[in-house]
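The next block holds one structure in the form of structure tokens; read it before the comments.
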Protein chains: 2
Amino acid sequence: MSDKNRKKSDIISVAKTARVSPSTVSRYFNHPELLKLATRRRIERAVRKEGYIRNRAAQTIHGIRSGTIGVLVPTIDHTIFAEVVQAFSDAVAEEGFTILLASHGYDQQREYAILRKFLEHRVDGIALTGLDHDEAVFQLIESQSVPTVMMWNYAADSLYPSIGADNELAGRMISQHVLSMGHREVACLFAPGAGNDRAKARSRAILNTLADAGVDVPQDWQLTTVYSVSESKRQAFALFSSTKRPTALICGNDILATGAIYAAAKAGLRLPEDISITGIGDFKGSSEFEPGLTTVRLPARRIGQRAGLTLAAAIKDPEADRTGAHCAPELVVRGSCRAI
Amino acid sequence: MSDKNRKKSDIISVAKTARVSPSTVSRYFNHPELLKLATRRRIERAVRKEGYIRNRAAQTIHGIRSGTIGVLVPTIDHTIFAEVVQAFSDAVAEEGFTILLASHGYDQQREYAILRKFLEHRVDGIALTGLDHDEAVFQLIESQSVPTVMMWNYAADSLYPSIGADNELAGRMISQHVLSMGHREVACLFAPGAGNDRAKARSRAILNTLADAGVDVPQDWQLTTVYSVSESKRQAFALFSSTKRPTALICGNDILATGAIYAAAKAGLRLPEDISITGIGDFKGSSEFEPGLTTVRLPARRIGQRAGLTLAAAIKDPEADRTGAHCAPELVVRGSCRAI
DNA sequence: GTAATTTATGAAAACATTTGCAAAACTATT
DNA sequence: AATAGTTTTGCAAATGTTTTCATAAATTAC
């Protein structure tokens, strides 16, 4: 494509080979309709010959948008966030944006530091996960007045547009279903709530709903485990091996439920005859268990896409609608939770 | 943190409030050791007061590194790539880089377009997935002479440092194991090879190894399916329901194997008594099935980390060692493949 | 207390662009 | 062929930094 472009080519060198001024080359890219066809042709050839690639950094310092969006998730390698990020990325790529991605591992300090970095790169917008963030994070966003959305969790009164599911509702839905199937002896397996408002909202809602129905979950049936199949398998196995077993186990998410299902198999329990298990999330694959996992679908792809679209719109038009959106969770009844 | 910074603060405004010159502020950030303690203090206060955030775009046009690395994967929401990206991101974050992430969905045209975008952003380095890319992609990288690594797949003679596993070896390992367990009636379930050199290498190696041992896989036992639990479940179920069943099913990756396991359960086959199933990858969770999945571990995290470290080193020191690294696959024998 | 060093700071040029304004080159009109 | 109007282009200033070079200030040596 080029022979001796050892000297990186810039707009000036392109101008030279096209025998026009740098400004004209700039216009070629930004307002091509202002150029005479012949000039356009000439420049096009020069660009090609030089293998010139525009320098967004140089544009950015003119207040022109950087074309990047900072996306901040707790971790990338959980199905659920991976899906959100994928959908988000696809949505904004459509609009010409590229994402800067980073994960904070549920560490609020790191979240702040990463946010600063994003801002140094002059991202045009920011997508955070969850509604719960350090005060400094909010201040930073406020002071830089950069368009922001909060993904994953929904609350009507959030400070910035939130696009996600109502996790409390999800918790309520699954526990109501379990109750409606006649279960009274219910155990719970939750992810830790620290720095994770989603997990917190779910466990709160589940426990409350059960309590309201007069079902009391004893302390030793309220298990907590990190987000990991093997850990939840271990914990659930211990639970299933104890003398008194619940008839149903409500898990805070599908990954934990997966562990519980394996634990049941290991303990020789039949699903759902001996034990009912439910999840939250409806991750890819949850429908494929035998029997399928009864769960509440949190529409990850829809959330990611919607969040991306909303943010892109807010960036392009500061007057755009900045209200969030609730991507409603949906009860998915499969075979893993039976009626008593 | 600030009242009336409606006018975005730059290095000049900071200089003004600190009563020093802009150059001094610049030095405060880049060579603080050159400043007198008192001056440093003064500037620090001004920075804080103004809520100033450095502008990397402005630095970048001075040829200073942008601090970004472009990462290009086929898709983000496959466990395996998510893991690689997570590890990669962590590794380079350590060195001060932020990643620009995009996915091309196995579309070579899109890969090229995304690469151009990365280059417009003046990424300091590029990480691609796999060794197989469009000629134009290589030309672009060559002409911009930007440090590049290729992740996931390993080949000693690759054009750019490759950090990953030898997928052919992985295929050989698993089929040798299956053979050593005495299986002669073997079926295969592969991911499509188009635009995916990893999948291609595996299926080739598996078929060859089997053939060398005199085991011929009939055409209708060579199944191909997209990367999806439900699709592979469907296909495997069909296979299991036909009159003549293999004694073992070798799957091109763990996701496909997962589908096959569910299919077996659905078909009422016992694992491994009635059917042996193997995967490749050893994804998170593969060890937790009952029985655990026999597979070949491809060390995703190690690959991502290693790739990140290698690239970061190449960026920081152009003379750095640019040889790739083979992260050896490793046979993981669990219960899903029995001896006949 | 002065000269010679060393250290800390500032001025100005450079980086790769964009853009407002003005000049040049066309077209259309007479 | 001259004029008015329009379209196309170039000049120069601006953007937010870094860096080289020069100078001022502080320190040390005598």
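Per chain, numbering begins at 1; letters A, B, ... match sequence-line order. Predicted, not measured: the structure shown is a model, and the values here were computed from it.
- For D:dG10, the OP1/OP2 oxygens have no side-chain nitrogen or oxygen of A:R19 closer than 4.0 Å.
- In this structure, B:L34 and A:I61 both approach DNA chain C, and ranking their closest nucleotides by distance from the 5' end singles out B:L34.
- The residue among A:R27 and A:I53 whose nearest nucleotide of DNA chain C is located toward the 5' end is A:I53.
- Among the candidates B:R42, B:R48, B:R40, the single residue satisfying the salt bridge (charged side-chain N to carboxylate O under 4.0 Å, His left out) test with B:E44 is B:R48.
- In this structure, B:K36 atom NZ and C:dG10 atom P are separated by 10 Å, rounded to whole Å.
- Counting any heavy atom pair closer than 4.0 Å across all strands shown, B:Y52 reaches sugar-phosphate atoms only and no base atom.
- Of the possible polar contacts, one joining the B:T148 side chain to the B:V146 backbone as a donor-acceptor pair under 3.5 Å is found.
- Between A:I11 atom CD1 and D:dT15 atom P the separation is 18 Å, expressed in whole Å.
- Candidate nucleotides D:dT17, C:dT17, D:dT18 were compared by shortest atom distance to the side chain of B:H62, and D:dT17 ranks first.
- Among the protein residues, B:V25 comes within range of no part of the nucleic acid, since none of its heavy atoms lies under 4.0 Å from any strand.
- Side chain of A:H78 to main chain of A:I80: no donor-acceptor pair is present (N/O by atom type, distance under 3.5 Å, no hydrogens or angles).
- When each of D:dT9, C:dT18, D:dT18 is scored by its nearest atom to the side-chain atoms of A:S26, the top-ranked nucleotide is C:dT18.
- Along DNA chain D, the nucleotide nearest to B:I12 and the one nearest to A:R40 differ in position, and the one closer to the 5' end is contacted by A:R40.
- Whole-Å rounding puts the B:K16 NZ to D:dG16 P distance at 12 Å.
- What separates NE2 of A:H31 from P of C:dT17 is a distance of 15 Å, to the nearest Å.
- If you take CD1 of B:I64 and P of D:dT17, they are 11 Å apart, rounded to a whole angstrom.
- Among the nucleotides D:dG10, D:dG16, C:dT17, the one closest to the side chain of A:V20 is D:dG10.
- The listed nucleotides are C:dA8, C:dG10, D:dT18; the one nearest the side chain of B:S21 is C:dG10.
- One interatomic measurement links the two molecules: CZ of A:R122 to C1' of D:dT15, which rounds to 12 Å at whole-angstrom precision.
- Distances from the side chain of B:S23 to the nucleotides C:dG10, C:dA8, C:dT17 place C:dG10 closest.
- Between B:F29 and B:Y52, the distance separating the two ring centers is shorter than 6.0 angstrom.
- One atom, CG of B:L35, and another, P of D:dA25, lie 17 Å apart when rounded to the nearest Å.
- Counting only N and O atoms by type, the side chains of A:E111 and A:H133 include a donor and acceptor under 3.5 Å apart.
- If you measure from atom CD of B:Q59 to atom C1' of C:dT17, you get 17 Å, rounded to the nearest angstrom.
- The base of C:dC15 is not paired with the side chain of B:T60 by any donor and acceptor separated by under 3.5 Å.
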